[in-house]
2 protein chains.
Amino acid sequence: MNALDRIDRNILMQLQQDSRLTNVQLAAQVGLSPPACLKRVKRLTEEGYISRQVALVAPHKLGPMLHMVVEVFMERDHKQLFQEFVKSIQATPEIKQCYQVTGEVDFVLIVMVRDMEAYEKLCDRLLYSNPNVRKFRTLISMKRDKFETAIELE
Amino acid sequence: MNALDRIDRNILMQLQQDSRLTNVQLAAQVGLSPPACLKRVKRLTEEGYISRQVALVAPHKLGPMLHMVVEVFMERDHKQLFQEFVKSIQATPEIKQCYQVTGEVDFVLIVMVRDMEAYEKLCDRLLYSNPNVRKFRTLISMKRDKFETAIELE
DNA sequence: CGTGAAATATGTATCGT
DNA sequence: ACGATACATATTTCACG
């Protein structure tokens with residue numbers, strides 16, 4: 001079931017760096033004929049290795065943008081409540097990432113907003129009004145020094 | 001200089017969700033002829049609005065994967081030292097994201113590693129051995145509940 | 001920006017290993 | 001089971017209006 005050979009990993013590495021490669025280019029890179037290569041890409045997509053292909057847009061080109069790292073402390077460690085919270089996070093487009101962590105903090109959120117006002121509104125809507133959120137701490141970032149989506153395939 | 005019209009934003013929104021759309025499909029979506037649409041995509045790429053197009057690979061499909069949120073406290077708030085630190089971060093593939101934040105914490109890192117051993121080695125190499133790093137705190141995540149790369153274009 | 005035509009690429013069928 | 005060749009379909013891309 002889970003057996004990616006060297007060629008599959010090579011394909012994934014290439015496409016993680018640049019998915020605009022044409023299939024003929026990719027095929028040449030990995031040493032296959034275009035149809036054989038296409039079949040693999042299709043298989044990797046169907047089997048969920050490639051979840052999707054997207055364009056990454058440069059945030060700073062669209063005016064000022066604030067990134068927030070938010071640590072959320074919940075009232076109780078209750079699965080049901082966590083799931084509900086995650087649901088509300090998934091429905092909030094400004095929240096780009098959510099990590100469930102172990103320790104004192106329960107969730108870490110990565111939020112992208114235009115300004116403080118937008119962030120405060122978000123907090124009102126999602127955190128202050130949620131009885132299961134005990135408290136949260138915000139780290140404000142005006143500089144994202146690195147953003148890489150690729151995964152190491154050793 | 002910075003003047004994206006409704007069609008440009010529409011193109012960016014579409015490609016942020018799915019960059020595998022063919023140019024003809026995209027053209028139809030935004031109400032342009034394929035050549036006109038292609039020109040815009042090219043322009044948006046050349047001008048840096050689209051920084052790149054990538055395949056997103058599902059981490060859990062490649063065996064267990066740990067995400068770490070690392071808060072780094074530097075010794076001194078010195079620009080030169082910060083820049084050097086950022087450089088070392090950019091050269092480290094396991095560190096996927098780096099946010100420079102204001103307040104007590106100086107940097108927040110998002111790290112992806114296979115296991116604790118790999119993380120410890122990373123810490124040795126990058127944090128413990130760096131005299132400018134005063135201390136750091138690690139939040140361990142075994143669950144990434146959301147990961148969205150798209151930016152709001154209102 | 002649109003139309004139409006040429007150049008490329010994608011996708012399918014079939015064969016061979 | 002997997003890859004290659006050849007062929008059909010679709011897309012990209014250029015020239016022109």
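Here is how names work: the chains are called A, B, and so on, in the same order as the sequence lines, proteins then strands, and each is numbered from 1.
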For DNA chain D, note the earliest and the latest nucleotide, 5' to 3', having some atom under 4.0 Å of a heavy atom belonging to chain B. dT11(D) to dC14(D)
If you define the side chain from C-beta out and look only at heavy atoms, does anything of Ile89(A) sit under 4.5 Å from Leu126(A)? yes
Which angle, to the nearest 10 degrees, lies between the helix axes at the two ends of the helix from dC1(C)-dG17(D) to dT17(C)-dA1(D), each defined by five pairs? 30°
For Arg20(B), I'd like to know if atom CZ has over 12 heavy atoms of other residues, nucleotides or ligands within 6.0 Å. no
Relative to the 5' end of DNA chain D, which residue comes earlier, Arg43(A) or Pro34(A), by the nucleotide with the nearest heavy atom? Arg43(A)
Measuring only between side-chain heavy atoms, which start at C-beta, is Leu122(A) closer than 4.5 Å to Thr92(A)? yes
Counting side-chain heavy atoms from C-beta on, which of dG4(C), dT12(C), dA9(C) comes nearest to Pro35(A)? dT12(C)
Let me know the distance between CD of Glu46(A) and C1' of dG11(C), rounded to the nearest Å. 13 Å
I need the single residue from Tyr99(A), Phe73(A), Phe82(A) that forms a ring pair (Phe, Tyr, Trp, His ring centres under 6.0 Å) with Phe107(A). Which is it? Phe82(A)
In Å, rounded to the nearest 0.5 Å, how long is the span from CG of Leu12(A) to CZ of Arg40(A)? 10.5 Å
Atom CZ of Arg40(B) and atom P of dG2(C) are separated, to the nearest Å, by 9 Å
Please verify the inter-ring angle class for Phe147(B) with Phe147(A); under 30° counts as parallel, over 60° as perpendicular, anything in between as tilted. parallel
Tell me: NZ of Lys39(B) to C1' of dG2(C), nearest whole Å? 10 Å
Separation between CZ of Arg125(B) and CD of Glu94(B), rounded to the nearest 0.5 Å: 5.5 Å
Single hit among Glu148(B), Arg144(B), Gln97(B) for side-chain hydrogen bond (donor to acceptor under 3.5 Å, both in side chains) with Gln97(A): Gln97(B)
Please work out if Thr22(A) contacts a base, only the sugar-phosphate, or nothing of the nucleic acid, heavy-atom cut-off 4.0 Å. sugar-phosphate
Report yes if the side chains of Asp8(B) and Arg43(B) come closer than 4.5 Å at any heavy-atom pair, otherwise no. yes
Atom pair distance, as rounded to whole Å: CZ in Arg20(A) and P in dT8(C): 18 Å
Quickly work out the Leu32(B) CG to dG2(C) C1' distance and round it to whole Å. 10 Å
